[in-house]
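Here the structure is laid out as structure tokens; the discussion comes afterwards.
Only heavy atoms go into these numbers, but all of them, side chains included; no hydrogens, no water, no symmetry mates. Predicted, not measured: the structure shown is a model, and the values here were computed from it.
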Amino acid sequence: MGFTDNRFDVNLSILFTELPLLERPAAAAAAGFTAVELWWPWVDAPVPAQSELDALRDALNDAGTQLVGLNFYAGQLPGPDRGALSVPGEESDKFRANIDVAAEFARTMGCTALNALYGNRVEGVDPQVQDTLALENLVLAARAADRIGATLLIEALNQPESPLCPIVSAPKAIEIVDKVNAATGLGNAKFLMDLYHLAMNGEDLNEVIDTYTDKTGHVQIADNPGRGAPGTGELDFADLLGRLKKAGYDGWIGLEYKPGDRPSHESFGWLRGA
């Protein structure tokens with residue numbers, strides 16, 4: 001399929017999950033990958049014990065895998081939550097407590113992309129109240145990212161699977177990116193272009209790529225329908241990734257797909273042209 005011009009990393013929060021967290025970096029390395037990304041690994045602990053942070057850092061370093069993307073605390077993910085930063089009360093507090101922890105971990109790993117998931121609408125709470133809180137928290141996150149030379153990523157999810165999340169289109173995510181950059185003056189907020197989510201929304205992927213690549217800080221892929229590996233659905237990734245390259249994107253492309261009913265290491269045949 002011709003992907004030699006692309007740089008792929010493995011999301012260890014969706015692939016290799018048949019293994020304990022600390023064994024996944026070595027498994028990714030054994031499968032031929034030098035770079036990985038992660039959702040926040042401790043869904044119940046925005047501030048985990050230092051020993052847990054150290055153990056994960058050691059596992060990544062021992063495997064020789066570079067951490068190229070990390071989520072801030074986002075609640076139960078996978079699960080019912082879609083982020084925490086716009087949810088008043090305990091969840092927002094957890095997000096704020098996590099900001100410096102996640103940024104410091106990223107700094108020690110040389111990771112320069114931090115993803116901040118927006119969160120669901122909450123019944124009985126004025127959406128404007130949530131959006132004001134969200135901007136406050138995103139400004140804090142952007143400043144923390146800037147202190148370590150990192151980009152703050154804003155991701156659009158998809159409406160069918162995340163009906164309570166207000167960030168379910170590329171234009172809406174770009175709107176938030178622009179608001180954060182205007183508020184901070186730092187310019188380090190970028191779009192996380194997840195082609196699976198955008199396809200699920202029915203968006204024109206070619207148009208999204210042509211319009212928003214210059215504001216994109218990271219790309220993730222899975223096929224649609226099904227969120228499986230490329231080749232299991234209908235998306236033409238050779239064309240899409242070639243278009244991204246032509247539009248000027250030369251960053252990492254995160255493999256954020258489900259391996260199906262097989263071990264994760266068997267799901268990369270598409271990459272080898274099999």
Side-chain angles (χ1 to χ4, degrees), residues 37-40 42-43 45-48 53 67-77 81-122 125-157 162 164-194 197 212-220 251:
E37 59 184 80
L38 282 162
W39 302 340
W40 185 248
W42 301 278
V43 297
V47 183
L53 292 162
L67 184 68
V68 298
L70 179 67
N71 282 19
F72 288 108
Y73 170 81
Q76 297 292 322
L77 191 72
D81 299 333
R82 294 294 184 268
L85 62 91
S86 69
V87 181
E90 183 179 1
E91 286 303 290
S92 172
D93 292 344
K94 287 181 179 179
F95 178 82
R96 291 191 181 194
N98 173 253
I99 289 174
D100 286 340
V101 177
E104 175 60 15
F105 185 82
R107 184 195 66 78
T108 65
M109 297 303 306
C111 173
T112 57
L114 289 161
N115 185 24
L117 290 175
Y118 202 84
N120 290 329
R121 290 302 193 205
V122 179
V125 178
D126 185 340
Q128 184 57 54
V129 170
Q130 286 197 253
D131 291 341
T132 298
L133 175 64
L135 184 57
E136 291 173 359
N137 282 334
L138 287 168
V139 165
L140 293 173
R143 288 173 176 161
D146 181 68
R147 289 194 292 271
I148 66 165
T151 296
L152 175 72
L153 299 173
I154 308 296
E155 180 177 7
L157 303 183
S162 304
L164 298 179
C165 180
I167 313 300
V168 287
S169 74
K172 184 62 177 179
I174 293 296
E175 176 187 323
I176 303 301
V177 166
D178 289 344
K179 285 182 177 179
V180 174
N181 285 334
T184 65
L186 297 172
N188 70 328
K190 297 282 188 177
F191 178 40
L192 195 167
M193 185 188 293
D194 185 313
H197 287 310
Y212 299 125
T213 294
D214 63 335
K215 293 188 176 184
T216 296
H218 189 55
V219 172
Q220 293 174 335

I'd like to check Leu133 versus Leu85 (side-chain heavy atoms, cut-off strictly below 4.5 Å). Are they in contact?
no
Drop me the distance from Cys165's SG to His197's NE2, to the nearest 0.5 angstrom.
9.0 Å
Ion pair check, Glu136 and Arg96, cut-off under 4.0 Å
yes
Is there a side-chain contact between Trp40 and Phe72, using heavy atoms and a 4.5 Å cut-off?
no
Any Leu157 side-chain heavy atom under 4.5 Å of Arg82 side chain:
yes
CG of Leu114 to CG of Asn98, rounded to nearest 0.5 Å, is 9.5 Å
Measure the shortest side-chain to side-chain distance between Leu135 and Thr132 over non-hydrogen atoms and say whether it is less than 4.5 angstrom.
no
Here the side-chain hydrogen bond (donor to acceptor under 3.5 Å, both in side chains) pairs for residues 138-155, sequence neighbours left out, are Asp100-Arg147, Asn115-Glu155
Which atoms form the tightest heavy-atom contact between Ala142 and Val180, and what is the distance?
CB-CG1, 3.9 Å
Taking NZ, NE, NH1 and NH2 as the nitrogens, is one of them in Asp131 or Lys179 under 4.0 Å from a carboxylate oxygen of the other?
no
Just how far is it from atom CD1 of Ile148 to atom CG of Asn188, taken to the nearest 0.5 Å?
10.0 Å
Is there side-chain contact between Met193 and His218, with at least one heavy-atom pair below 4.5 Å?
no
Quick check: do Leu138 and Ile176 have side-chain heavy atoms less than 4.5 Å from each other?
yes
Smallest separation among heavy atoms of Ala150 and Ala113, with atom names
CB-N, 4.3 Å
Is any side-chain heavy atom of Gln130 closer than 4.5 Å to one of Val125?
yes
To the nearest 0.5 Å, what is the distance between CZ (Arg121) and OG (Ser86)?
6.5 Å
For a 4.5 angstrom cut-off between non-hydrogen side-chain atoms, does Pro166 reach Tyr118?
yes
Nearest-0.5 Å distance, CG of residue Leu152 to CG of residue Asn181
8.5 Å
Evaluate the criterion side chain to side chain contact (heavy atoms under 4.5 Å, CB included) for residue pair Leu53 and Val101; output intermediate values, then yes/no.
CA-CA 9 Å; Leu53 292 162; Val101 177; 4.1 Å; yes
Looking only at heavy atoms, which two atoms of Cys111 and Val68 are closest? And how far apart?
SG-C, 3.7 Å
Approximate separation, where rounding is to 0.5 Å, of Leu67 CG and Met109 CE:
5.5 Å
Using side-chain contact (heavy atoms from CB on, under 4.5 Å) as the criterion, point out the one residue from Asn71, Asp81, Ile167 that pairs with Leu117.
Asn71
Determine whether the side chains of Asn137 and Ser92 contain a donor N or O and an acceptor N or O closer than 3.5 Å.
yes
